[in-house]
Amino acid sequence: MKYYISDLHLFHPAILQKCSRPFATIDDMHRTIFQNWKKKGIGPCDEVYILGDVGMYHEKGIGKFLMALPGKKYLVTGNHDFKNIHNRDFSSAFLWCRPYAEVRDTERKVVLFHYPIEEWNGFYVGSYHLHGHIHNTTVTHIDRRYNVSVDVINYTPVTLDELIAYGTCFFMLPLL
């Protein structure tokens, strides 16, 4: 199964206030992300696409954190990842790191990019676009474009089917 998530901002305490995240400490946020990932039932053969902003600096801690999570992880880089992708501790947590990707998810084409795009490859023939970057800020609704920032998916990786079921580019899942 394929899962998607963005904007973890691990080891970045300022993000708690900046995005009004509901955690007293960064360790509380880390614990919630870790627990939610495990509760989701992600297994070692599942694929998890992280659409940028895993964290900036703290590459060893981020790498260790990600290696402890199940699943095959792929990174579509965001604006906060550029310093870390050159570090072995960080990059070894991923099967690949790219600025842009297109994948198939149960015969559906999905365009992955950190930033929201107005039109994407396959836009007129039913492809999907998943992004992060905007956290919990709303953008103009465009069919088949979904924000997977942790701030709107309750710090839990989601499937394309779950995104489609909510029918909007911005939503908030119930807490696990």
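Just so it is clear, the model here is predicted, and its values are computed rather than measured.
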Residues that F65 engages under ring-ring contact (aromatic ring centres under 6.0 Å, His included), provided they are two or more places apart:
H30
Return the set of residues passing salt bridge (charged side-chain N to carboxylate O under 4.0 Å, His left out) with E59 (not counting sequence neighbours), or none when no residue passes.
none
Which atoms form the tightest heavy-atom contact between I134 and P116, and what is the distance?
CG2-CG, 3.9 Å
side-chain hydrogen bond (donor to acceptor under 3.5 Å, both in side chains) with S91: which residues, sequence neighbours excluded?
none
Please list, chain by chain and in numerical order, all residues satisfying ring-ring contact (aromatic ring centres under 6.0 Å, His included) with Y49, sequence neighbours excluded.
Y4, Y74
Do F82 and I62 share a hydrophobic cluster (ILVMFWY, side-chain heavy atoms under 4.5 Å, transitive)?
yes
So salt bridge (charged side-chain N to carboxylate O under 4.0 Å, His left out) across residues 60-69, not counting sequence neighbours, yields none
Quick test of your reading: applying salt bridge (charged side-chain N to carboxylate O under 4.0 Å, His left out), list the pairs with at least one residue in residues 10-30, sequence neighbours left out, ordered by first then second residue.
R21-D151, D28-R31
Do L51 and I5 have side chains that get closer than 4.5 Å, going by heavy atoms?
no
For S127, give me all partners under side-chain hydrogen bond (donor to acceptor under 3.5 Å, both in side chains), at least two apart in sequence or on another chain.
W120
For N79, all residues meeting side chain to side chain contact (heavy atoms under 4.5 Å, CB included), sequence neighbours excluded
D53, H114, Y115, H133
Neighbour count above 12 (heavy atom, 6.0 Å) for R104 CZ
yes
Output the rest of the hydrophobic cluster of Y57: all Ile, Leu, Val, Met, Phe, Trp and Tyr residues reachable through side-chain heavy-atom contacts under 4.5 Å, sorted by chain and number.
M56
Can you pull the salt bridge (charged side-chain N to carboxylate O under 4.0 Å, His left out) pairs that have at least one residue in residues 105-128, sequence neighbours excluded?
E102-K109, D105-R108, R108-D161, E118-R145
Pairwise salt bridge (charged side-chain N to carboxylate O under 4.0 Å, His left out) hits with a residue in residues 123-142, at least two apart:
none
Partners passing side-chain hydrogen bond (donor to acceptor under 3.5 Å, both in side chains) against N87 (at least two apart in sequence or in another chain):
none
